[in-house]
Amino acid sequence: MKIAILSGNPKKDGLCQSAVNAAIQGAVEAGAKIDEIRLCDYHMGACRVCGDGWGTCLSENYCTYGDDGFNEARERLKNSDAIIMVTPVYWGEVSEALKSFIDRLRRLEFNQSDVLRNKQVLLIASPGGSGNGALTCLEQMDRFCRHTGAIIFDYIVVNRWNRDYKTTAVKAAASAIAKGRKNGDNI
Ligand SMILES: Cc1cc2nc3c(=O)[nH]c(=O)nc-3n(C[C@H](O)[C@H](O)[C@H](O)COP(=O)(O)O)c2cc1C
């Protein structure tokens with residue numbers, strides 16, 4: 001089992017990364033291989049909205065501007081069996097790096113969905129300041145999964161005052177996916 005961590009986190013430590021690390025630990029201990037895709041390390045651009053709203057994303061299933069790292073990150077995601085999406089909450093949304101990537105990816109998945117369809121996805125939002133905005137952030141990721149045919153495994157919010165027991169939950173959820181638990185299984 002290969003699990004991709006699709007991370008919108010720019011930092012290498014702190015609250016959000018503690019959730020990433022817990023996910024990695026749970027998955028690896030359960031025997032999975034991990035690919036942590038750190039989108040902020042790519043510096044890729046936003047969707048340029050080609051043509052009248054659709055470009056080669058619709059007609060040829062590739063992004064005209066994909067050599068800015070988008071193609072590579074997409075390929076890494078495609079090579080996974082399951083996905084853990086993790087982001088800090090910014091303005092009640094996913095980080096801009098993750099937003100730009102999912103904006104572009106859902107276009108490619110519209111006609112020929114081969115990256116996310118029927119894959120389990122665990123959604124993790126980390127609001128670090130007020131703690132507000134977790135639900136709108138998760139809703140944004142939820143909508144992306146529904147547009148792309150992914151199967152949402154669970155939703156987890158990790159904030160400053162629940163970090164201890166929620167990182168435990170993240171680790172357990174990643175472990176459950178890695179061991180092959182399916183949505184609808186009775187425990
Ligand atoms: C531009 C920006 C916007 C943010 N917006 C929110 C927000 O809406 N709600 C919130 O609880 N925290 C917000 N934060 C704090 C981040 O969520 C916090 O940095 C994140 O949880 C990760 O914590 P960490 O930096 O320790 O990893 C924001 C941070 C930044 C940089």
Side-chain angles (χ1 to χ4, degrees), residues 3-30 32-49 65 68-70 72-74 76-77 80 82-107 116 120-148 150 152-178:
I3 298 182
I5 311 262
L6 184 63
S7 171
N9 186 24
K11 293 172 63 179
K12 296 198 168 145
D13 56 13
L15 180 68
C16 187
Q17 195 60 31
S18 68
V20 172
N21 294 342
I24 292 173
Q25 202 187 347
V28 167
E29 282 177 15
K33 286 200 165 59
I34 288 291
D35 182 16
E36 183 183 349
I37 306 170
R38 292 181 50 84
L39 293 171
C40 294
D41 291 351
Y42 276 106
H43 307 294
M44 62 181 80
C47 175
R48 301 208 199 175
V49 195
Y65 302 100
D68 64 352
F70 174 79
E72 186 184 307
R74 178 191 180 213
R76 286 172 69 184
L77 200 59
S80 66
I83 298 165
I84 299 176
M85 263 176 101
V86 190
T87 184
V89 175
Y90 290 171
W91 316 103
E93 301 183 357
V94 301
S95 74
E96 288 82 348
L98 181 57
K99 181 69 172 80
S100 304
F101 181 71
I102 65 178
D103 277 351
R104 293 168 72 180
L105 184 57
R106 70 181 166 186
R107 289 172 164 268
L116 284 116
Q120 285 176 305
V121 182
L122 172 65
L123 303 179
I124 303 170
S126 160
S130 61
N132 295 334
L135 284 184
T136 43
C137 178
L138 286 174
E139 199 273 338
Q140 200 174 32
M141 292 195 279
D142 177 297
R143 194 154 9 98
F144 166 72
C145 289
R146 293 181 195 286
H147 281 149
T148 55
I152 298 167
F153 183 74
D154 209 346
Y155 309 80
I156 302 180
V157 174
V158 182
N159 64 35
R160 286 184 284 146
W161 58 91
N162 67 24
R163 176 185 187 150
D164 52 350
Y165 62 88
K166 285 298 186 69
T167 47
T168 302
V170 167
K171 184 180 167 193
S175 171
I177 292 175

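Everything quoted here is computed from the prediction, not taken from an experiment. Positions are given from 1, in the same order as the sequence printed here. Every number for a ligand or one of its atoms is a count from 1 in the order of the listing.
Scanning all protein heavy atoms for the shortest distance to atom 11 (O) of ligand 1 gives Gly131 N, 2.8 Å. Atom 5 (N) of ligand 1 has its closest protein heavy atom at Trp91 N, 3.0 Å. At the shortest separation from atom 9 (N) of ligand 1 among protein heavy atoms lies Asn132 O, 2.8 Å. Shortest contact from atom 15 (C) of ligand 1 to any protein heavy atom: Gly129 N, 3.6 Å. The closest protein non-hydrogen atom to atom 8 (O) of ligand 1 is Gly92 N, 3.1 Å. Nearest protein heavy-atom contact of atom 25 (O) of ligand 1 is Lys11 NZ, 2.7 Å. Summary of contacts: the protein heavy atom closest to atom 19 (O) of ligand 1 is Tyr90 CE2, 4.4 Å.
In this structure the side chain of Phe101 reaches within 4.5 angstrom of the side chain of Leu77, judged on heavy atoms. Side-chain contact between Leu105 and Thr148 is absent, with no heavy-atom pair separated by less than 4.5 Å. Residues Glu29 and Lys171 have side chains in contact (heavy-atom distance under 4.5 Å, counting atoms from C-beta outward). Side chains of Val86 and Cys16 form a contact here, defined as non-hydrogen atoms less than 4.5 Å apart.
For ligand 1, the polar-atom distance check against Cys16 finds a nitrogen or oxygen pair separated by under 3.5 Å. Among the atoms of Ser126, some N or O lies under 3.5 angstrom from an N or O of ligand 1. The shortest N or O to N or O distance between Pro88 and ligand 1 is not under 3.5 Å.
For the residues Val158, Asn9, Val89, Asn159, the heavy atom positioned nearest atom 7 (C) of ligand 1 is part of Val89.
Under the salt bridge (Lys or Arg N to Asp or Glu O under 4.0 Å) criterion, the residue pairs touching residues 93-102 are Lys99-Asp103, with sequence neighbours excluded.
Checked for salt-bridge contact, Arg48 and Asp68 miss the test: no charged N lies under 4.0 Å from a carboxylate O.
Per-residue contacts place Ser130 under 4.0 angstrom from the following atoms of ligand 1 (heavy atoms of the residue considered): 9 (N), 10 (C), 11 (O). Numbered from 1 in the order shown, with element, the atoms of ligand 1 that lie under 4.0 Å from a heavy atom of Pro127 read 10 (C), 11 (O), 17 (O), 21 (O).
At a heavy-atom cutoff of 4.0 Å, ligand 1 is contacted by both the backbone and the side chain of Leu15.
Ligand 1 lies out of reach of Gly133, whose nearest heavy atom is not under 4.0 Å from it.
Here the closest heavy-atom approach between residue Val89 and residue Gly133 is recorded as CG1-O, 3.6 Å. Residues Met44 and Ala73 share a closest heavy-atom pair of CE-CB, 3.9 Å.
Sparse packing is recorded around CG of Leu135, with 12 or fewer heavy atoms of other residues, nucleotides or ligands lying under 6.0 Å away.
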